[in-house]
Amino acid sequence: FFVEDYEAGRAIKELDQKIELPDGYDLVITVERTTPPNMPVNEDLISKIKVAMSDRYNTATMALNLNAFHKTFGGEAVYAPLWRTNVLLKVITIIVENIPEVAAIDLSNNRMMQLDGLAQLKSLKNLKLLHLSDNKIADL
């Protein structure tokens, strides 16, 4: 299984050989650094993304706060990181189709490495602010 948080991974690793299995052997736990799993964007996930985006949209200011969007679903069995291109493209499509009046979008703290998925935002005529701070964008 995948754990995003380093501290959680370390805590799990500390349980190595400290849990006895029914057969008397100790549970061996190995932890490896890896890229996050691919997340298929199915209808259930799209529905949850829309609800989360609705909760994060301020109609008075026409601002959409997607800051650290992957943390939105804490405690749920949902994984929707915007650094995954397929997730980002679906989120951008939802914005373009459902809130074309948006004036500001905060995409900070999403670990995004490239901006390719943002091309559709050009169609948003009212978009004035796009926050991209604290991402991993190497080249503009």
Side-chain angles (χ1 to χ4, degrees):
F1 59 92
F2 177 77
V3 177
E4 183 178 345
D5 184 55
Y6 174 80
E7 292 301 320
R10 194 172 73 182
I12 292 168
K13 175 63 178 158
E14 288 176 4
L15 295 173
D16 182 36
Q17 297 184 352
K18 293 183 180 170
I19 298 172
E20 186 175 315
L21 298 171
D23 61 3
Y25 288 98
D26 290 337
L27 177 66
V28 176
I29 299 173
T30 58
V31 177
E32 297 178 15
R33 295 195 84 181
T34 184
T35 58
N38 283 325
M39 183 67 194
V41 181
N42 58 32
E43 290 303 316
D44 183 49
L45 180 59
I46 292 168
S47 176
K48 290 178 181 184
I49 288 172
K50 285 181 177 180
V51 169
M53 290 173 67
S54 176
D55 291 344
R56 289 170 155 243
Y57 183 65
N58 183 326
T59 55
T61 60
M62 295 187 298
L64 179 60
N65 178 5
L66 298 179
N67 184 316
F69 190 67
H70 57 285
K71 294 182 180 180
T72 300
F73 308 98
E76 293 184 51
V78 176
Y79 185 66
L82 295 184
W83 67 83
R84 291 294 198 188
T85 304
N86 63 332
V87 176
L88 178 61
L89 289 173
K90 182 48 73 176
V91 166
I92 299 301
T93 299
I94 292 168
I95 293 169
V96 169
E97 292 176 356
N98 295 282
I99 46 176
E101 72 281 1
V102 67
I105 302 173
D106 183 356
L107 289 168
S108 58
N109 296 300
N110 279 295
R111 302 179 186 167
M112 296 185 323
M113 292 182 244
Q114 54 190 5
L115 301 176
D116 298 347
L118 303 180
Q120 285 187 37
L121 294 178
K122 292 178 186 177
S123 68
L124 300 172
K125 303 301 180 204
N126 293 330
L127 186 62
K128 305 289 183 236
L129 293 169
L130 183 61
H131 298 279
L132 294 168
S133 63
D134 297 315
N135 280 294
K136 297 182 177 185
I137 300 166
D139 190 23
L140 292 179

Does Lys71 NZ have over 12 foreign heavy atoms under 6.0 Å away? no

Ile29 versus Ile12: any side-chain heavy-atom pair under 4.5 Å? yes

hydrophobic_cluster_shared for Ile105 and Met113, side chain cutoff 4.5 Å: no

Within this structure, what is the NZ-OH distance for the pair Lys13 and Tyr6, rounded to the nearest 0.5 Å? 11.5 Å

Is the shortest side-chain heavy-atom distance between Val91 and Ile49 below 4.5 Å? yes

Interatomic distance, Ile94 atom CD1 to Met53 atom CE [nearest 0.5 angstrom]: 5.5 Å

Shortest non-hydrogen pair, Ala8 vs Val3, comes out as CB-CG1, 3.5 Å

Examine Val41 and Val51 and state if one hydrophobic cluster contains both, with Ile, Leu, Val, Met, Phe, Trp and Tyr joined whenever side-chain heavy atoms are less than 4.5 Å apart. no

Closest non-hydrogen atoms of Gln120 and Ile92, given as atom of the first, atom of the second and distance, are CB-CG2, 3.5 Å

Using atom types as modelled and distance alone, determine if a side-chain donor or acceptor of Thr93 lies under 3.5 Å from a backbone N or O of Leu89. yes

State, to 0.1 Å, how close Lys125 and Lys122 come at their nearest heavy-atom pair, and which atoms those are. NZ-O, 4.3 Å

Starting at CG of Leu64, measure out to NE2 of His131 and round the result to the nearest 0.5 Å. 11.0 Å

As an exercise, state the distance from CG of Leu82 to CG of Leu107, rounded to the nearest 0.5 Å. 6.5 Å

Checking Asp26 side chain against Lys18 main chain: does a donor-acceptor pair fall under 3.5 Å? no

Heavy atoms only: give me the nearest Tyr57-Glu101 pair and the separation to one decimal. OH-OE2, 3.3 Å

Quick one: CG on Leu66 to CZ on Arg56, what's the gap to the nearest 0.5 Å? 6.0 Å

All heavy atoms of Val96 vs all of Leu124, minimum pair found to be CA-CD2, 4.0 Å

Taking all atoms of both residues into account, what is the closest heavy-atom pair of Phe69 and Ala80, and its distance? CD2-O, 3.6 Å

More than 12 heavy atoms of other groups within 6.0 Å of Glu43 CD: no

What's the spacing between Asn58 CG and Asn65 CG if we round to 0.5 Å? 9.5 Å

Determine yes or no for a side-chain-to-main-chain donor-acceptor pair under 3.5 angstrom, with Lys128 supplying the side chain and Ala104 the backbone. no

Do Leu27 and Leu15 come within less than 4.5 Å of each other through their side chains, counting heavy atoms only? no

4.5 Å side-chain heavy-atom contact, Leu130 and Leu118: yes

Pair listing, side chain to side chain donor-acceptor pair (under 3.5 Å) test, anchored in residues 103-114, at least two apart: Glu4-Arg111, Asn67-Ser108, Asn67-Asn109, Asp106-Ser108

